[in-house]
Each structure stands twice: as structure tokens, then as C-alpha cells.
Protein chains: 2
Amino acid sequence: MPDSTNPPNPPTPPNPPTSADVARLAGVSRATVSYVLNNAEAVRISEPTRRKVRAAAEELGYVPHAAARSLRAGHTRIVLLPTSHVPAGPLYSTFLNELQWALRRLDYTVVQYGSLGLTGDEAVRAWAELRPVAVISLGETALSPHNVDTLKRAGARAVLTLGPERVAGAHALVMDQAEVGALAAAHLAGRGRRRIGVVVPEEPGLDLFSGPRLAGARTVPEVEVTPLALAYTEESAAALAARWGELGLDGVFAYNDEYAVLLMRALLDAGVRVPEDVAVMGADDLLIGRLVRPRLSSVRIEMPSGEWLAGLVDRAVRVPSAMAERYDLTGAAAVPREST
Amino acid sequence: MPDSTNPPNPPTPPNPPTSADVARLAGVSRATVSYVLNNAEAVRISEPTRRKVRAAAEELGYVPHAAARSLRAGHTRIVLLPTSHVPAGPLYSTFLNELQWALRRLDYTVVQYGSLGLTGDEAVRAWAELRPVAVISLGETALSPHNVDTLKRAGARAVLTLGPERVAGAHALVMDQAEVGALAAAHLAGRGRRRIGVVVPEEPGLDLFSGPRLAGARTVPEVEVTPLALAYTEESAAALAARWGELGLDGVFAYNDEYAVLLMRALLDAGVRVPEDVAVMGADDLLIGRLVRPRLSSVRIEMPSGEWLAGLVDRAVRVPSAMAERYDLTGAAAVPREST
DNA sequence: TGGAGGTGGTTACACGTGTAAGTGACTCGT
DNA sequence: ACGAGTCACTTACACGTGTAACCACCTCCA
């Protein structure tokens with residue numbers, strides 16, 4: 001018993017108070033404290049005792065220990081969100097924010113976990129240590145069926161993947177980014193363009209999106225595709241615009257409205273006319289595309305709302321069986337404006 | 001012992017394997033398992049035994065239970081990041097991302113925690129349950145000294161606040177958003193403008209930034225300030241531009257480059273000339289401001305890098321005493337371009 | 001031969017919590 | 001007056017881990 005005669009503000013706070021401390025101060029057993037503080041209804045505790053316990057807890061500033069609690073309970077309410085280290089565009093980042101917020105509202109604890117330089121297996125084991133009740137893999141690293149198994153053995157009741165294809169054992173939200181590229185290329189082809197460039201961001205971490213979008217553009221037979229690396233800086237865009245003539249392109253699909261606006265600006269500054277000399281197309285239908293002149297053509301994507309996904313996770317956790325294994329989030333449409 | 005004769009793929013995975021299961025399979029005691037798997041050097045274990053244990057752990061897919069571990073250890077490596085539910089601009093959101101990534105690299109577990117509709121005290125108690133080793137309050141709700149005390153009693157070795165003023169007991173990163181507003185207003189005044197509007201976003205959650213920026217603008221004696229509510233949509237901007245004439249303003253400071261670009265577009269579309277009729281000024285010096293015409297004047301802000309802040313947190317955790325109580329992150333400068 | 005010292009383990013406890021099962025005191029109906 | 005039944009608690013165990021303390025065995029030297 002190290003703390004006799006509690007000073008009001010000890011210079012070195014000794015230890016977080018436990019329910020045993022509360023029990024001692026209230027003059028009851030630890031079990032009673034637990035019953036009172038958890039509002040147990042099956043056990044009858046007199047009102048005066050309840051007040052004593054609550055007062056003692058208040059005075060000590062008692063806060064239960066989440067780790068001990070979930071150790072005892074055998075499960076957590078942690079939802080693991082392995083994220084890459086790049087913001088990946090406003091559309092995606094808004095979605096992510098919504099998702100976190102909605103999960104919090106459903107009383108889950110959201111834990112962000114970057115996989116660092118670890119291999120897939122190492123990363124998954126690190127995730128499993130937290131015993132998350134659900135994992136939402138956003139596709140930075142594709143999960144193997146074995147990984148899904150590891151997570152489920154560690155107590156995960158739901159493993160969701162958001163990516164281009166489905167993973168065995170997990171619930172999959174299949175969203176086909178290839179279709180975005182295909183729509184863009186088809187739209188450019190419809191405008192009579194035949195030799196188009198596809199901007200691939202140099203920033204790492206976007207591969208999951210940029211790869212399929214490029215591949216999708218290649219599936220359109222009428223056009224010939226040239227990949228173009230571009231960093232999200234004015235210098236990089238100016239350099240690309242400077243060698244534009246020798247590329248011989250009459251259309252360009254720029255991965256994203258942000259990259260598209262950047263490139264279009266550089267092209268205009270270099271004297272290339274849009275859309276006369278080159279048609280420019282973005283994606284994600286961001287507000288910025290409507291604020292520039294000429295207005296940017298784009299591809300609108302149906303992102304699921306964060307609330308919807310959070311609700312899906314919640315259902316999957318509560319009734320793991322009664323869930324579809326695959327949800328198709330197809331829904332993209334070209335939005336023609338002035339730049340094509 | 002429910003699992004005799006382990007089938008390779010049981011349809012219902014029974015329970016996550018524990019170190020006791022590993023010990024049983026390897027034919028050693030649980031302590032030996034712990035020593036081997038944690039590479040304890042103080043205890044001597046023969047090489048054949050080590051291999052047996054590792055093999056057993058591998059076969060069972062054993063993953064340690066983080067909650068049990070940190071319960072025993074008496075501390076965690078959780079860094080709590082109470083965030084608001086709005087992205088709050090690219091500058092800030094990039095910073096946040098950097099921070100999370102850097103913390104992960106230092107082997108901390110980042111937990112995002114929105115405070116929902118809870119009161120300050122309730123929210124802080126919810127945070128304390130996780131026994132985080134550090135809390136980085138990003139100022140959504142200002143912490144009271146009592147709150148800081150609660151967190152420290154719960155084991156937090158460092159509480160950092162990022163906001164306009166310092167909180168007793170916590171390490172403070174004081175970044176004065178008022179200066180941003182003052183600089184913008186002063187710059188407009190220097191261009192001869194006297195009646196300026198200050199755009200205040202209608203989106204909730206930005207109050208912490210927009211409030212001080214507005215107040216800062218008001219500290220400049222030469223100008224008269226009119227607050228202007230604006231949502232981040234084209235409709236809202238168009239509506240504001242439509243009644244521009246009756247406002248009688250010759251300058252506007254728009255909180256953010258994004259809001260500035262939005263408003264400037266609407267003004268130009270409504271026939272208001274920039275900068276002849278009205279000078280427009282943004283903040284945060286985003287790339288977008290350099291891509292529009294006329295180029296947007298802005299206020300550049302020295303945000304600390306995420307790595308820097310992560311390093312600071314790490315030092316605060318390891319040597320709580322040897323730390324300054326206050327860091328001033330002042331460093332803003334007007335960046336004149338064509339819109340003023 | 002016998003004790004000192006090293007080798008390779010094991011036994012036992014603590015961390016903080018939730019809850020099933022048990023217990024003593026009191027009331028009540030016959 | 002005495003078993004049955006309620007009330008208001010307490011006792012005891014389990015969750016999974018790390019580590020200090022203990023112990024059996026072997027080797028080596030006096």
C-alpha cells in the first residue's frame with residue numbers, strides 16, 4: 001500500500017487507480033465495484049452502496065483499463081484499418097474519414113496501421129496481435145487466403161477487402177478501377193482521338209489505383225496508349241509539357257482531376273491548345289475540375305459512403321454467416337465538359 | 001482440451017492459440033516459450049529447444065496477445081490522436097498523415113479517436129481507458145488542466161496540444177492562426193484595400209482555424225472586416241457572388257486557397273474583376289493557387305513536419321522531464337501573386 | 001568425495017477485470 | 001419456532017503474458 005494519506009496533487013502520480021482502490025475507499029468488495037460501475041441489473045445492490053462506490057470512483061478519478069477488460073472478455077471492439085502512407089486524393093480521403101467517423105459512432109475503436117517495410121506475413125501478424133474484431137484491408141498489400149486465415153484465427157469476425165478482386169475467405173468489395181480507365185479511353189476515342197497518353201503518378205502508394213486505370217485504358221481497341229510518369233509538382237508538369245510535341249498525342253487521361261488540372265495548366269502555358277490540340281480527361285469528378293477553364297471532363301465514380309461500409313462491417317461482425325461474399329461497387333460514368 | 005487431433009482446416013476456428021498451446025506442442029513449459037519467442041538473452045536455452053519452440057509456434061500460427069502483454073508490462077505503445085471528423089484542408093491532412101506514418105516507424109500504435117457527441121470529460125475518460133503512452137490533442141476540443149491530469153494519472157507520459165494557446169501540464173505546440181489573418185489583412189491594406197470580407201467556412205470542425213484567422217484580420221486597424229459565410233460548393237459561391245455588389249468590399253481573405261479559388265471563380269463568372277474590383281487572398285499556399293489565373297496570392301504557413309512532431313513525442317515519452325513546455329510554431333509570410 | 005559453479009530448464013506470481021457461485025443476515029408464512 | 005425465500009453482498013477463478021526465483025543435473029577441481 002504505497003499511497004497512504006493521498007496528497008491532492010502528488011508531484012509524481014504513482015499509479016493509475018484500479019477498481020481495487022475504489023473498492024478499498026468505498027469499503028466494499030471489488031466485485032461490487034464492478035457491478036455498480038457496469039450497471040449490472042442481474043445483481044441487486046442497494047442505492048446507498050451504489051452512491052458510495054460512484055463517489056469513490058469519482059474521487060480517485062478511476063478509469064477502467066481497456067486491455068484488462070478485453071482480455072477478460074475475450075474479444076475487442078477494434079477495427080483495424082491498414083492504410084498506405086499517402087493521402088491518395090480527396091475522394092478517397094473523404095471516404096476514409098467518413099468511415100472512421102461512422103465506425104466510432106458504432107462504438108468501434110479504429111486503429112490505423114501502416115505496414116511499414118514489413119512483408120505481408122509479418123504485417124498481418126502484427127495486426128493479429130491486436131485481436132481486432134474486424135479488418136478492413138484497403139488493398140495496399142493484397143491479402144493472401146493464408147493471411148485471412150491468420151486474422152480469423154486471431155479472432156477477427158470479419159475481414160473485408162476493398163480492391164480489384166476478391167480474396168478467398170474474406171468479404172470483398174470489388175471495385176473495378178479498370179473500368180474508369182476504359183470509360184475515359186472510350187470517351188476520348190468517341191471524340192476522335194487515337195493516340196492517347198495516360199498519366200501515372202510518380203508518387204508511391206497510388207499503384208493500386210493507377211495500375212488498373214492504365215490497364216483499363218489499354219482494353220479500348222481504337223486507341224494506342226502511352227504511359228506518362230508525372231509527379232505532383234509544377235516542375236514535373238512543365239517538363240512533360242516541354243517535350244509534348246515529340247510525343248505526338250491527341251488525347252490524355254490523367255488518373256485524377258488534380259493531376260489533370262496540373263497538366264492542363266502546363267500544356268496551356270506551353271502553347272498547346274485544349275481541347276483543339278489535345279483532349280484532357282480527369283477522374284473522380286472533383287470540384288476543382290469545374291473551376292478551371294476550359295472546364296475539365298472527368299469520370300465520376302460511385303464511392304460507397306463511409307456510413308454504408310461501417311454498417312456493413314457492423315453486420316458482418318454480429319452475424320458473420322448472413323453476409324454476401326462479394327459486393328460489386330461498379331458505377332462509373334463519363335462526365336463530358338469542355339476539355340474534350 | 002477441446003481440440004484433440006487438430007484437423008488442418010476446421011470449419012469453425014476454435015480459439016486463437018496461446019503460448020500455452022505452443023508449450024504443450026513443443027513439450028516445454030510456457031516460460032520457455034516466452035523466453036525463446038522474445039529472444040531473452042539473460043536466460044540460457046539450448047539451440048534444439050529453441051528450434052522446437054519456434055517450429056511449434058509456426059505450426060499453430062501463434063501470435064501473442066497485445067492486450068495481455070501490455071497488461072503485464074504495465075504500459076502500452078499507443079499514441080492517441082483525437083481527430084475531428086473533417087479533413088480540414090490538404091495542408092493539415094498531409095501533416096496528419098506524415099505524423100501517423102512517422103509514429104508507426106517509431107513503433108507506436110496510432111489510435112484515432114473522435115470525441116463524438118461526448119462532453120470533454122467523458123471523451124477524456126474514454127481516451128484514458130486505452131492507457132495511451134502519449135496523447136496528441138489537435139485542438140478540436142480544448143483540454144482543461146484537469147483533463148490533462150486525468151490522462152497523466154492513467155499513464156500518459158506525454159500530452160501534447162496543438163492549438164492557439166498553452167494548457168497547464170501539457171507540452172504545447174502553440175501555433176497562432178491569428179497571425180495568418182493579420183498578415184493577410186495587412187497585405188490587403190498595403191494594396192490600398194480598406195473594406196475587406198473574411199470568408200468563414202460553413203463546414204463544421206474548422207472553427208479552430210477559422211475563428212482565430214478572422215480575429216487576426218480584425219486586429220489590423222486600417223481595414224474594416226465583414227465576415228462571409230461560405231460552403232464549399234459552387235452554389236454557395238455563386239450565391240455569394242450574386243450579392244457581391246451590395247456588400248461594397250474591395251478585398252477578401254478566404255481562409256484557405258481552396259475556398260479562395262472557389263470564390264474567385266464565382267466572382268469572375270459574375271463579372272467582378274480580380275484584382276481590379278476586388279483583391280483576393282488565400283492561405284496555406286496550396287498548389288492549386290498557382291494553377292489558376294490570375295494566380296492567387298496567399299499566406300504561407302510553416303507547418304511542422306510530421307517526422308519532427310513524432311520525434312518530439314518520442315523524446316517526451318522517454319524523458320518526460322527534459323522537455324520544453326512550449327514550442328512556438330510561428331512562421332507565416334505573405335506570398336503576393338496576381339490576385340491582389 | 002564433496003561442494004562450487006554452470007547449464008537448461010520449471011514453478012509461481014502479478015497485471016486489472018468480469019462474473020458464476022457461494023454466504024450470511026433478515027423476513028415471512030405456517 | 002423453523003425451513004423457505006429474498007436481499008446484499010463477497011469469494012474465487014479465468015483471461016494470456018513476462019519474469020524473478022527456484023531446482024535438478026552435470027562438470028570440474030581440491
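To find a chain, count down the sequence lines: A is the first, B the second, and so on, and within it residues start at 1.
Counting distance only, with no hydrogens placed and no angle test, the side-chain atoms of R30(A) and the base atoms of dG18(C) include a donor-acceptor pair under 3.5 Å.
In the region residues 45-53 of chain A, proximity to DNA chain C at under 4.0 angstrom, judged on heavy atoms, holds for none of the residues.
Where V28(B) and A20(A) meet DNA chain C, the nucleotide closest to each residue was compared, and V28(B) sits on the side nearer the 5' end. Mapping R72(A) and V43(B) onto DNA chain C by nearest heavy atom places V43(B) at the nucleotide closer to the 5' end.
The structure places CG of L162(B) at 9.0 Å from CD1 of I136(B), a figure rounded to the nearest 0.5 Å. In this structure, NE2 in H65(B) is found 6.0 Å from OG in S70(A), a value given to the nearest 0.5 Å.
Counting any heavy atom pair closer than 4.0 Å across all strands shown, S19(B) reaches sugar-phosphate atoms only and no base atom. Backbone-only contact: T18(B) has heavy atoms under 4.0 Å from sugar-phosphate atoms and none from a base. Among the atoms of the strands shown, base atoms are found under 4.0 Å from some heavy atom of R44(A).
Dense packing is recorded around CD of E47(B), with more than 12 heavy atoms of other residues, nucleotides or ligands lying under 6.0 Å away. In the displayed structure, R105(B) atom CZ is contacted under 6.0 Å by more than 12 heavy atoms of other residues, nucleotides or ligands.
Taking the side chain of A31(A) as heavy atoms from C-beta on, and the options dT19(C), dT17(C), dA14(C), the nearest nucleotide is dT19(C). Comparing atom distances between the L71(B) side chain and each of dG9(C), dC15(C), dT10(D) picks out dC15(C) as nearest.
In this structure, OH of Y62(B) is placed 10 Å from C1' of dG18(D), rounded to the nearest angstrom. The distance between atom CD of E41(B) and atom P of dA20(D), rounded to the nearest whole Å, is 14 Å.
The minimum heavy-atom distance between A310(B) and L99(B), with the atom names listed, is N-CD1, 3.8 Å.
Within the structure, every side-chain polar atom (N or O) of Y35(A) is placed at least 4.0 Å from both OP1 and OP2 of dC7(D). Between dT10(C) and T32(B), a contact under 4.0 Å exists linking OP1 or OP2 to a side-chain N or O.
With hydrogens and angles ignored, the 3.5 Å screen pairs a side-chain donor or acceptor of S144(A) with a backbone N or O of N147(A).
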